[in-house]
Amino acid sequence: MSFNHKHLIDITEYSDTDIMTILETAKAFSAVNERAIKKVPTLKGKTIVNMFNEPSTRTRSSFELAEKRLSADSLNFGGSSTSTVKGESLIDTVMTLNSYKIDMVVVRDKHEGAPYIVTQHTPAAVIDAGDGKHGHPTQALLDLYTIWQRFGHLDGLKVGIVGDISHSRVCGSLIPALKIVGAEVTLIAPGTLIPMNPEVLGADRVSASLDDVLPELDVVYMLRIQRERLEGAPFPSQREYHMLYGLTEARERLMKPEAIVCHPGPINRGVELDSYMADHPQRSVILDQVYAGICVRMAALYLLLGGADNGLAS
Ligand code: CP
């Protein structure tokens, strides 16, 4: 197996083969996660810093678990408990961490480009765990893994991404990732939640009407309304947004029988989707996405830290 990447920041640097290598490796690690003893010695002796300068539930917890299950030493670090509140810069923080001879930094930050800046000041590998509105590559990979597990393939699938496209870092990685693996991508949102030049995102088309395109979609990917990043009033009320763009029990009748519902979390129940759809036993794969987070992050840690050269330790 060949895998020649040091960092995971820009998914467009990854080929279809690279992405499928990560997904196949994640599938192998899924078997580890199903065992009674969910631990392998694969990354024993490696030191990984989880630098989360912004809140996270799923990404942070799954990186920590992935590292533990691979036997790496983890340092959980960031936010208001660090000396950044005393004025220490990101660069000085990274150079301080370098002194510990670390092997990898996983970075979540509200500033776009922070993970790239970290690469310029550390010899360690870097994973972007979500930076501002820019990207979230491991989220895109876990989404692809979840969809691949359900359909058995990715090429040719029709994926609709619905909602707050403008403020979504998930879109920054998911749209290019879907295009790399051959899926067809439609963005569905009111004009106020789509960038001025949506073609730069790389999607195949844009629609203002969910009802028009819902019957064609294999995957309905609902985005959270990013209340913390909204400026102005992009829609009159959450009630109106839910009426036009919410995935509801009534709208389910428009969906293909085999179509699935994804959401990166956290969910705003009653805004982008109702509880009937969020908890739908056949259609909702939201908790499958959470599980995929551990498997895909184990795969990314393993491959970026040179595991492919040493074999998958059991
Ligand atoms: N999907 C996602 O990034 O969730 P968290 O913010 O909880 O990590």
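Remember, it's 1-based here, ligands and their atoms both numbered in the order they're listed. Numbers here simply count residues along the sequence, with the first being 1. Quick caveat: nothing in here was measured; it's all calculated off a predicted structure.
- A cation-pi contact, defined as under 6.0 Å to the ring centre and within 45° of the axis, links Arg297 to Phe63.
- Taking atom 7 (O) of ligand 1 as the reference point, the nearest protein heavy-atom neighbour is Thr57 N, 2.8 Å.
- Considering only non-hydrogen atoms, atom 3 (O) of ligand 1 lies nearest to His136 out of Arg60, His136, Arg58.
- If you check the side chains of Arg108 and Asn53, you find no donor sitting under 3.5 Å from an acceptor.
- Using bins of under 30°, 30° to 60° and over 60° for the plane-to-plane angle, the ring pair Tyr302/Phe29 lands in the perpendicular bin.
- Considering only non-hydrogen atoms, atom 1 (N) of ligand 1 lies nearest to Pro264 out of Gly293, Pro266, Ser56, Pro264.
- Checking only distances, Thr59 does come within under 3.5 Å of ligand 1, N or O to N or O.
- Considering all non-hydrogen atoms of both residues, Ile102 and Leu97 come closest at CG2-O, 3.6 Å.
- Residues Leu201 and Pro176 share a closest heavy-atom pair of O-CD, 4.5 Å.
- At least one N/O-N/O distance between Gly265 and ligand 1 falls below 3.5 Å.
- Going from atom CG of Leu43 over to atom CE of Met298 covers 8.5 Å, rounded to the nearest 0.5 Å.
- Less than 4.0 angstrom separates some heavy atom of Gln139 from each of these atoms of ligand 1: 1 (N), 2 (C).
- Of the N or O atoms in Arg169, none lie within a sub-3.5 Å distance of an N or O in ligand 1.
- Using a 4.0 angstrom heavy-atom cutoff, Arg108 counts as in contact with ligand 1.
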